[in-house]
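So the structure is just underneath, and the comments pick up after that.
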Amino acid sequence: PVFNNRWQLVALHHAMLVKYDDAETSSEQNVIVRGNLGVRIHQIVAHLEKQEGTEDFLRDFVNKPQGKKRKIFILAGRKRTRFKGDEREEEAKLTNYIGIKVEDLLNKSSQELKDLLNESSSENQFIPEDLDYEFQPEYVPKDNKEELENAINWIKQKTDSQVMENNYQLGDVAIEIVTNYYYQNTNNNEEDPKTEQVGGATVYYVNLPNFKGERKIHAETLLISILNNVLVDNKPALPNRGAQPDTAVRNDGLRFCREVIIPSLVLYVGYWTNTKERQLMKEKKDEIAKGIVKGIVLWSNSIFPLIK
């Protein structure tokens with residue numbers, strides 16, 4: 001297949017015209033490429049139009065867009081065992097609010113969503129004109145997110161290629177929204193003073209050879225979108241801890257990044273254990289949600305650009 005720079009199929013390649021510098025040898029070092037042979041897609045379509053019985057096929061697959069909205073799977077508000085007591089409930093309540101806000105924004109009309117992104121865009125982030133703003137957010141239900149394994153299985157069932165209505169399409173993505181923490185006791189069993197100094201947002205991506213290059217770009221896109229949208233005095237309010245491979249957290253990686261079939265990222269919005277940052281996340285939760293939505297739109301479109 002031959003693609004253009006928007007990953008649209010434009011031709012089928014079938015041969016290469018070569019000549020050799022040395023007529024007596026045919027090693028790769030002596031090969032000079034003279035040209036390529038192939039068939040342009042518009043010629044294939046023209047050929048099909050002349051065939052009897054192809055009308056339905058052309059109408060369904062060529063003459064009109066697929067019309068399926070991009071699915072965005074959102075896991076947020078999970079009560080994590082790392083937090084105890086009231087903190088556990090409070091942290092889950094905050095991330096659940098952000099997740100629901102993201103869902104609500106993605107459910108807006110294309111024009112409303114486009115206007116929202118352009119209004120909240122900073123000079124540091126370019127928003128292309130021809131983006132697809134048709135999304136179908138899928139929020140992991142409460143009963144399925146008490147355990148991470150259940151949440152992952154719910155998403156996997158929704159993207160099962162064996163079930164036609166659930167079939168994954170390019171541009172579908174999944175995100176988990178959580179906060180970070182820093183706990184370190186000193187020798188006197190007192191809280192480490194660094195607890196209030198450690199802060200910032202980061203996004204984790206799967207660290208596998210076939211994916212880590214593109215997934216790192218996806219993670220950076222999402223992270224920059226959030227940082228540029230959460231401002232104090234016109235400056236990013238959250239420190240940038242960078243896009244990180246999931247093996248930076250644990251040797252075997254993060255389950256959400258590895259077990260969810262579709263492209264997935266884990267967002268740590270900020271540090272819950274940092275008092276100032278925790279208060280900032282509560283005060284700026286709507287701005288955080290808008291930044292996440294902007295990042296998702298750019299992320300999804302980078303995987304599969306809009307075809308016009």
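Any value given below was found using the heavy atoms of this structure, including those in side chains, with hydrogens, waters and symmetry copies removed.
- There is a path of hydrophobic side-chain contacts, each under 4.5 Å, that joins I303 to I74.
- Going from atom CG of L12 over to atom CZ of R40 covers 12.0 Å, rounded to the nearest 0.5 Å.
- Note on L298: it clusters hydrophobically with L116, by side-chain heavy-atom contacts below 4.5 Å among ILVMFWY residues.
- Shown here are the side-chain contact (heavy atoms from CB on, under 4.5 Å) partners of E147, two or more places apart in sequence or in another chain: N150.
- The hydrophobic clustering, which links ILVMFWY residues whose side-chain heavy atoms are closer than 4.5 Å, places L222 and I217 apart.
- For Y271 and Y182, the gap between ring centers reaches or exceeds 6.0 Å.
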Item to complete: Step by step, work out the side chain to side chain contact (heavy atoms under 4.5 Å, CB included) result for V293 and L113.
Response: CA-CA 9 Å; V293 168; L113 193 51; 3.7 Å; yes
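- Side chains of Q244 and V203 form no contact here, defined as non-hydrogen atoms less than 4.5 Å apart.
- Listed for the N118 side chain is a donor-acceptor partner under 3.5 Å among the backbone atoms of K114.
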Worksheet item: Would K108 and E103 count as a salt bridge (charged side-chain N to carboxylate O under 4.0 Å, His left out) if you check the C-alpha gap in whole Å, the side-chain angles of each, and the deciding distance to 0.1 Å?
Response: CA-CA 9 Å; K108 287 183 175 293; E103 179 188 26; over 6 Å; no
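- The shortest heavy-atom contact between D246 and N207 is OD1-N, 3.0 Å.
- K69 forms no cation-pi arrangement with F135, by the criterion of a distance under 6.0 Å to the ring centre and an angle within 45° of the ring axis.
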Worksheet entry | side chain to side chain donor-acceptor pair (under 3.5 Å) between T179 and E91, intermediate numbers included | CA-CA 7 Å; T179 68; E91 193 267 351; 2.8 Å; yes
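- Atoms CG and CG, on N228 and L238 in that order, are 11.5 Å from each other to the nearest 0.5 Å.
- Put simply, the side chain of S300 never gets that close to the backbone of V297: no donor and acceptor are under 3.5 Å apart.
- Taking all atoms of both residues into account, the shortest heavy-atom contact from A151 to K145 is CB-CA, 4.2 Å.
- The pair R250-D252 counts as a salt bridge, with a side-chain nitrogen and a carboxylate oxygen less than 4.0 angstrom apart.
- In this structure, the separation between CH2 on W272 and CZ on R278 is 6.0 Å, given to the nearest 0.5 Å.
- A salt bridge links K79 to E89: at least one charged side-chain nitrogen sits closer than 4.0 Å to a carboxylate oxygen.
- Between the side chain of D172 and the backbone N or O of R70 there is no donor-acceptor pair closer than 3.5 Å.
- A donor-acceptor contact shorter than 3.5 Å links the side chain of N153 to the backbone of E149.
- By the 4.5 Å heavy-atom criterion applied to side chains, S264 and V173 are not counted as neighbours.
- Side chains of N229 and L231 form no contact here, defined as non-hydrogen atoms less than 4.5 Å apart.
- Using a 4.5 Å heavy-atom cutoff, the side chains of L280 and V232 are in contact.
- Clustering of Ile, Leu, Val, Met, Phe, Trp and Tyr by side-chain heavy atoms under 4.5 Å joins V206 with L208, F211.
- Ring geometry for H218 against W299 counts as tilted: the plane angle lies between 30° and 60°, on a 0 to 90° scale.
- Taking the side chain as every heavy atom from C-beta outward, N274 and V198 never approach each other to under 4.5 Å.
- Annotation: the span from H13 atom NE2 to N36 atom CG amounts to 3.5 Å, rounded to 0.5 Å.
- Contact of the K156 side chain with the V260 side chain is not registered, since no non-hydrogen atoms from C-beta on lie closer than 4.5 Å.
- Side-chain atoms of I177 and V269, non-hydrogen and from C-beta on, do get closer than 4.5 Å to each other.
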Discussion item. For K101 and N96: C-alpha separation, side-chain torsions, deciding distance, then whether side chain to side chain donor-acceptor pair (under 3.5 Å) applies.
Written reply: CA-CA 8 Å; K101 187 70 174 179; N96 187 61; over 6 Å; no
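- Within the 3.5 Å criterion, the main-chain N or O of V178 finds no donor-acceptor partner in the side chain of T95.
- L227 CG to E220 CD: the interatomic distance, rounded to the nearest 0.5 Å, is 11.5 Å.
- Between the side chain of D233 and the backbone N or O of K235, no donor-acceptor pair lies under 3.5 Å.
- Summarising the local packing, CZ of R80 is surrounded by more than 12 heavy atoms from other residues, nucleotides or ligands at distances under 6.0 Å.
- Side-chain contact check for L37 versus M16: every heavy-atom pair is 4.5 Å or farther apart.
- Put simply, the side chain of N180 never gets that close to the backbone of G270: no donor and acceptor are under 3.5 Å apart.
- In this structure, CZ in F83 is found 10.5 Å from CZ in R88, a value given to the nearest 0.5 Å.
- The pair E146-R78 fails the salt-bridge criterion, with no side-chain N (NZ, NE, NH1 or NH2) lying under 4.0 Å from an Asp/Glu carboxylate O.
- Surrounding NZ of K93 are at most 12 heavy atoms belonging to other residues, nucleotides or ligands under 6.0 Å away.
- In this structure, the side chain of T273 does not engage the main chain of Y181 through any donor-acceptor pair within 3.5 Å.
- Here the shortest heavy-atom pairing between A11 and I41 reads N-CG1, 3.4 Å.
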Discussion item. Test side chain to side chain contact (heavy atoms under 4.5 Å, CB included) on V102 and I175; report intermediate values, then the result.
Written reply: CA-CA 11 Å; V102 169; I175 180 173; 5.9 Å; no
Worksheet item: After noting the C-alpha distance and the side-chain angles of I262 and F73, does the key distance pass the side chain to side chain contact (heavy atoms under 4.5 Å, CB included) rule?
Response: CA-CA 10 Å; I262 64 177; F73 294 89; 3.5 Å; yes
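- By the 4.0 Å N-to-carboxylate-O rule, R255 lies too far from E176 to be salt-bridged with it.
- Dense packing is recorded around NZ of K285, with more than 12 heavy atoms of other residues, nucleotides or ligands lying under 6.0 Å away.
- Q136 and E138 share a donor-acceptor pair across their side chains, judged by distance under 3.5 Å alone.
- Clustering ILVMFWY residues whenever any of their side-chain heavy atoms sit less than 4.5 angstrom apart, transitively, puts I261 in a cluster other than the one holding Y204.
- In this structure, G295 and S225 approach most closely via the heavy-atom pair CA-OG, 3.3 Å.
- Formation of a donor-acceptor pair under 3.5 Å by the E112 side chain with backbone atoms of S109 is found in this model.
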Discussion item. With side chain to side chain donor-acceptor pair (under 3.5 Å) as the criterion, how do Y139 and D104 come out once you've worked through the C-alpha distance, each side chain's angles and the decisive distance to 0.1 Å?
Written reply: CA-CA 10 Å; Y139 198 74; D104 290 343; over 6 Å; no
